[in-house]
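Below you'll find the structure, written out as structure tokens, and then a few comments.
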Amino acid sequence: MTHQMTEPILSIRNAVKRYGSLHALDHVDLDVAAGEFLTLLGPSGSGKTTLLSAIAGFVDLDDGRITLHASDITKAPPERREFGMVFQGYALFPTMTVRDNVAFPLKVRKRAASEIADRTKECLDLVQMGGFADRMPHQLSGGQQQRVALARAMSFKPQVLLLDEPLSALDKKLRADLQWELKSLHSQLGVTFIYVTHDQEEALSMSDRIVILKDGCIQQQGAPGDLYNRPRTTFVADFLGKSNFIDADITGRHSDILHCVAKGAAFDVQTDNVDEIGNKARLALRPERLRINKPGVELLAAKVSQVSYLGERCQVIVKHEGLGDLLVSCATWQTGIKPAPGLEVSIGWDQNACVVLAAD
Amino acid sequence: MMPISAFRIFFQTGAWAVLAFLVLPLLIVIPVSLTDTSFIGLPRDGLSLQHYENYLTDREWLSATWTSIWIGVVVASLATALGTAFSIGCWFLSNRASQIARWILIVPILVPPVVQALGFYRFWVQLGLIDTYAGVILAHTLLALPYVSISVFAALANLDRNIIRAARGLGASVWQTTLAVVTPAARPGMMTGFVFAFIVSFDEIVSVLFITVRGVTTLPKMIWEGIQENIDPTIAAVATLLVLLTLIATAIGALRRS
Ligand SMILES: Nc1ncnc2c1ncn2[C@@H]1O[C@H](COP(=O)(O)OP(=O)(O)OP(=O)(O)O)[C@@H](O)[C@H]1O
Ligand SMILES: [Mg+2]
């Protein structure tokens, strides 16, 4: 949110890319603020790579404009755009040493030899690869190659770094470490990051702003917390974390509280939505916003049908007569009860736990 | 254990027999080259180096050798340059048209040499290239091109296509990308291609017989004419030297690899 005040460094207007009858990008508008960590998130085939490639200049748009600092770069060749890019498969130059890989952007810019040497060393040290300068890429592990690719992308001090699923080939532990490093690198350098991932946790933990793509369209964008707590569509509510969906009838409204009823259960939802009374509404309820308790304590009576224990939390599927299966996620140390299949329980939630979704 | 070792003996004997079948006809030139007679045949009264001496002092033999060598080097250089450019271009495009172009370039390998030679002859007559070095070089370059492009394609097959994008995104023009990133990756294929192209040219006889008269004489042509006109054992001496040279080159190659 803070970034939206400033003038955008990069603007995309009405971007369209078709492959035959398929719309890989379908009228995309996007502004990127200077210094922002922006994540493009979406399922496979949603057009993330296409959008990033269009920004980088590897894909020609069928329609639309891209401007950088208010100058039109829609038709500029990739080498004129001055973006640093990190590819999913690293794409290090196999015949060059690590040092020469990182020096490459400086060499093609004909910088002085001493400057090249200094800057290369500085970048390699920044990604903790200073000791590997004379190795060849095939002598490095995946994580090390990733660091070199990062050093290479930033050695010529681009204002914008484009990263296409840079961590997806790494194992979970290494990925978590590199997430922290990337994040701290971002705040250290003050460079704008445009980051592509299909991993929602990665997106939530790293981004200033997330843009959710589906079928080449932007579904919703906002700060991670806003998106998570206020999803607008079923797709977003389901893709970013898990949700229980409830189709309810609107029965009344008191200022910004909407009263809904579904299968005998009443829901009060805080919303500035101005839906008519008598209309249908689709509600989303996060599993961790549901409380599970002894019978009679909470609002709805239900019965546990499945339990999966995840260490710090516990996922329970409970069955309510009218609403069907509901997913509840609770901290194991917090529940007063020990859920087991067949156990009679009651479930409840706070008034602001429900979100009204727009019809898809 | 018994059946396995019988099996092994059978196959090892077979392997050696095949090897002997391949190599012995070659080795027969060695005693012939050392003959003391003045016609092709096995030594009669003793060994003699007179035919080696003849080869190394005869102006015609030496000039034919030198012609074959320099034509081979020129052909190998031309074919390597053209074949590499072609393969890198196809690799960049990697579309349907480039696939078809690759197949067309490889066709000359499939055409019988005599047919090809006849084709060169008819065409070279019109171009005025008959009996010229340029004509031989051009024909050999065309024959060697497929070998270069096949080996360069092989070298590029495993190269990540994203490295073009990476290089361009980092500020390199198409030209810089080709020179600095793709060509180094193609280098092993270029070297193999160069050697192949040289051998193709150095060995080639059919086209040379069709498109040259007296003006150009290569080593294979000289040997061929030697067999036809006078059965001079110098041919065996030349052949022996070529076999030795090949063995030495192969041995050096094998040693350097290990
Ligand atoms: N060169 C191409 N030719 C035809 N269709 C393409 C091409 N590139 C992409 N597409 C299609 O465009 C759509 C978007 O592709 P894109 O690569 O942008 O997806 P993505 O969001 O990056 O997916 P992933 O997470 O799997 O990488 C896909 O349906 C894909 O099949
Ligand atoms: Mg992708």
Side-chain angles (χ1 to χ4, degrees), chain A residues 49 52-59 73 76-97 100-111 120 123 136-138 145 148-158 160-166 169 194, chain B residues 80-81 83-99 148-195 256-258:
Chain A
T49 299
L52 204 70
S53 305
I55 295 172
F58 303 131
V59 160
I73 57 163
E79 62 266 28
R80 295 279 178 68
R81 300 192 181 197
E82 301 279 311
F83 296 130
M85 182 142 184
V86 179
F87 292 85
Q88 191 171 341
Y90 318 127
L92 296 178
F93 305 133
T95 54
M96 298 183 197
T97 60
D100 288 342
N101 263 280
V102 178
F104 181 82
L106 303 168
K107 282 185 183 156
V108 298
R109 284 173 177 74
K110 307 228 160 39
R111 300 280 168 78
T120 304
C123 287
M136 298 303 281
H138 70 263
Q145 291 185 27
V148 175
L150 201 62
R152 183 179 68 175
M154 64 196 193
S155 67
F156 62 104
K157 299 190 178 160
V160 182
L161 268 187
L162 309 175
L163 304 106
D164 190 359
E165 310 208 17
I194 304 182
Chain B
T80 305
T84 305
F86 173 82
S87 307
I88 289 180
C90 283
W91 186 79
F92 259 95
L93 293 173
S94 81
N95 55 11
R96 194 59 160 278
S98 71
Q99 290 276 348
V148 176
S149 71
I150 287 174
S151 58
V152 174
F153 270 124
L156 292 178
N158 293 324
L159 193 60
D160 179 2
R161 308 200 62 84
N162 263 344
I163 70 162
I164 308 179
R165 290 181 161 199
R168 302 228 23 222
L170 294 169
S173 63
V174 178
W175 185 236
Q176 283 172 316
T177 306
T178 309
L179 283 187
V181 180
V182 186
T183 311
R187 189 163 297 146
M190 290 165 68
M191 306 225 280
T192 317
F194 187 92
V195 172
R256 278 187 53 183
R257 202 161 309 141
S258 65

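Protein chains get the first letters and strands the later ones, always in sequence-line order, with residue 1 at the start of each. A quick note: this is a predicted structure, and the numbers were derived from the prediction, not measured.
Looking only at side-chain heavy atoms (C-beta outward), P184(B) and M96(A) stay at 4.5 Å or farther from each other. Looking only at side-chain heavy atoms (C-beta outward), P77(A) and R168(B) come within less than 4.5 Å of each other.
Atom CD in Q176(B) sits 12.5 Å away from atom NZ in K107(A) (nearest 0.5 Å).
Proximity to chain B at a heavy-atom threshold of 4.5 Å picks out F83(A), F87(A), G89(A), A91(A) from residues 81-91 of chain A, in numerical order.
Counting all heavy atoms, side chain and backbone alike, R165(B) lies closest to S53(A) at NH1-OG, 3.7 Å. When all heavy atoms of V181(B) and T95(A) are compared, the closest pair comes out as O-OG1, 4.4 Å. For the pair E79(A) and A172(B), the tightest heavy-atom approach, listed with the atom from each and the gap, is CB-O, 3.5 Å.
For F194(B), the ring-ring contact (aromatic ring centres under 6.0 Å, His included) criterion is met by no residue, not counting sequence neighbours.
Contacts of L162(A) with chain B are absent, with no heavy-atom separation under 4.5 Å from either backbone or side chain. Of the atoms belonging to I164(B), not a single heavy atom falls under 4.5 Å from chain A. Using a 4.5 Å cut-off between heavy atoms, R152(A) touches chain B through backbone and side chain atoms alike.
Just one of V182(B), L170(B), D160(B), T177(B) meets the side-chain contact (heavy atoms from CB on, under 4.5 Å) condition when paired with F93(A); it is L170(B).
The environment of CG in N158(B) is sparse: at most 12 heavy-atom neighbours from other residues, nucleotides or ligands sit within 6.0 Å. When the shell of 6.0 Å around CZ of R80(A) is examined, it contains 12 or fewer heavy atoms from other residues, nucleotides or ligands.
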